[in-house]
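For reference, positions follow the sequence shown, starting with 1. Atoms within a ligand are numbered from 1 in the order they appear, just like the ligands themselves.
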Amino acid sequence: MQENPVRKQRILSGIQPTGTPTLGNYIGAMRNWKLLEDEYDCLYMIADLHTITVRQDPAKFRQNAMQMLGLLLASGLNPDKSVLFFQSHVPQHAQLGWLLDCFTYMGEMNRMTQFKDKSAKHADNINCGLFTYPVLMAGDILLYQANLVPVGRDQTQHLEICRDIAMRVNGIYGHVFTIPEGYYSKVGARVMSLQDPTRKMSKSEAEDSFISVLDTPDVIRRKYRRAVTDSDACIRFDPENKPGVSNLLSIICALTGGDMDQLVASFEGKGYGELKAAVTDVTVETLAPIQAEFARVMKDKAYMESVYRAGAQRAGALAERTLQKFMKKIGYVQK
Ligand code: TRP
């Protein structure tokens with residue numbers, strides 16, 4: 001089959017609704033999604049099926065899911081361009097997940113480092129969903145014949161297994177799935193914990209160690225003021241020897257799009273207090289308009305509903321095509 005030269009490359013990505021995202025999630029994922037909207041044909045999914053691999057409180061879960069949709073809209077995604085949807089509203093994800101389970105080996109899943117980490121963390125609930133999580137994720141991507149998948153480096157292993165499964169299926173049946181590739185943002189500032197800057201910023205750590213995208217200016221100021229630096233009172237970018245200072249510098253660069261050397265030069269003769277004031281200012285300036293738009297959109301329930309319903313319909317139509325193609329190849333009686 002000839003490729004239509006005007007068809008844009010397709011992008012699929014997902015984010016779990018596990019609570020208010022951190023500044024790290026914003027810089028690493030949410031904000032990049034918007035930058036891809038014009039150049040690519042984008043589908044962005046709230047990965048709520050993945051979320052129940054860890055037990056959720058129903059009311060809180062529902063609230064987190066709506067909040068994530070509100071934040072994606074507030075961070076500038078245009079639902080007329082990108083398809084925005086809840087994974088659970090497109091049943092083909094669960095269906096393809098099952099089919100792909102039967103093309104995936106236990107040994108492959110056993111090697112997944114995230115499964116090992118998560119089962120250590122949730123030793124009382126090592127469920128089968130946690131084990132097959134990467135297969136569900138592979139289905140998410142393959143359902144839409146995605147060419148590119150913007151993800152963080154922590155998802156590389158999941159993407160590899162997705163490619164392996166897709167190639168295995170294609171090897172058996174002929175072409176079924178597009179083989180996807182990871183898309184790693186160039187401005188890939190990895191935002192680190194404010195309390196232990198050798199570790200990634202994470203909302204599952206202590207409050208003071210991360211900035212939440214909904215933090216007020218006062219809270220942001222307080223958290224940066226308490227951020228761990230070092231005792232040599234010199235502002236330079238050196239993640240190895242000065243992880244705390246370097247983290248604050250790279251947050252500024254990521255949020256302003258500025259050049260690191262110029263930034264460091266602008267701090268010559270200045271102290272950590274000034275660095276912390278600067279990172280506070282750019283963070284507040286970035287988040288304030290998002291927070292205002294978030295407050296506005298969350299009140300407009302009818303609009304939110306129209307966005308996720310239209311998204312599910314558009315995504316569902318694409319997903320059904322792939323699912324039927326695969327089922328026919330496997331040998332199922334056509335409905
Ligand atoms: N596993 C991803 C994460 O935790 C979320 C996710 C689910 C995803 N399905 C996806 C990401 C498909 C990209 C593509 O970050």
Exercise. Using a strict 4.0 Å cut-off to heavy atoms of Leu12, name the atoms of ligand 1 that fall inside it.
Key: 12 (C), 14 (C)
Quiz item: Has Met45 got any heavy atom lying under 4.0 angstrom from an atom of ligand 1?
Solution: yes
Quiz prompt | Heteroatom distance test (Gln155, ligand 1): nitrogen or oxygen, under 3.5 angstrom | solution = yes
Exercise. Using distance alone, determine whether Ser13 and ligand 1 share an N or O pair under 3.5 Å.
Key: no
Quiz item: Which residue supplies the protein heavy atom nearest to atom 13 (C) of ligand 1, what is that atom called, and how far is it?
Solution: Gly14 N, 3.4 Å
Quiz prompt | Near-ring test His158/Phe115, centroid separation under 6.0 angstrom | solution = no
Quiz prompt | For atom 9 (N) of ligand 1, the protein heavy atom that lies nearest, with its residue and separation | solution = Asp140 OD2, 2.7 Å
Quiz item: To the nearest 0.5 Å, what is the distance between CD (Gln16) and CD (Gln87)?
Solution: 8.5 Å
Quiz item: Is Leu136 touching ligand 1 with its side chain, its backbone, both, or neither, if touching means heavy atoms under 4.0 Å apart?
Solution: neither
Quiz item: Counting only heavy atoms, which portion of Val151 has something under 4.0 Å from ligand 1: side chain, backbone, both, or neither?
Solution: side chain
Quiz item: In terms of atom number and element, which parts of ligand 1 are under 4.0 angstrom from non-hydrogen atoms of Val149?
Solution: 13 (C), 14 (C)
Practice problem: Can you pull out the closest protein heavy atom to atom 4 (O) of ligand 1? Residue, atom name and distance to 0.1 Å, please. | Solution: Tyr133 OH, 3.1 Å
Self-check item: Side-chain donor or acceptor of Ser82 paired with backbone N/O of Leu84 under 3.5 Å
Solution: no
Practice problem: For Tyr224 and Thr283, test the side chains for any donor-to-acceptor distance below 3.5 angstrom and give the result as yes or no. | Solution: yes
Quiz item: What atoms of ligand 1 come closer than 4.0 angstrom to any heavy atom of Gln16?
Solution: 4 (O)
Quiz item: Is a side-chain N or O of Arg236 found less than 3.5 angstrom from the main chain of Val264, in a donor-acceptor match?
Solution: no
Quiz item: How about Asp238 and Ser246: does a side-chain donor come under 3.5 Å of a side-chain acceptor?
Solution: no
Self-check item: Atoms of ligand 1, numbered as shown, that sit under 4.0 Å from any heavy atom of Ala47
Solution: 7 (C)
Please tabulate, for side-chain N and O atoms in residues 323-333, each donor-acceptor pair with protein atoms closer than 3.5 Å (sequence neighbours left out).
residue, atom, partner, partner atom, Å
Gln324, NE2, Glu320, OE2, 2.6
Lys325, NZ, Val176, O, 3.4
Lys329, NZ, Tyr173, O, 3.3

Quiz item: What residues form a ring-ring contact (aromatic ring centres under 6.0 Å, His included) with His89, not counting sequence neighbours?
Solution: Phe86, Tyr308
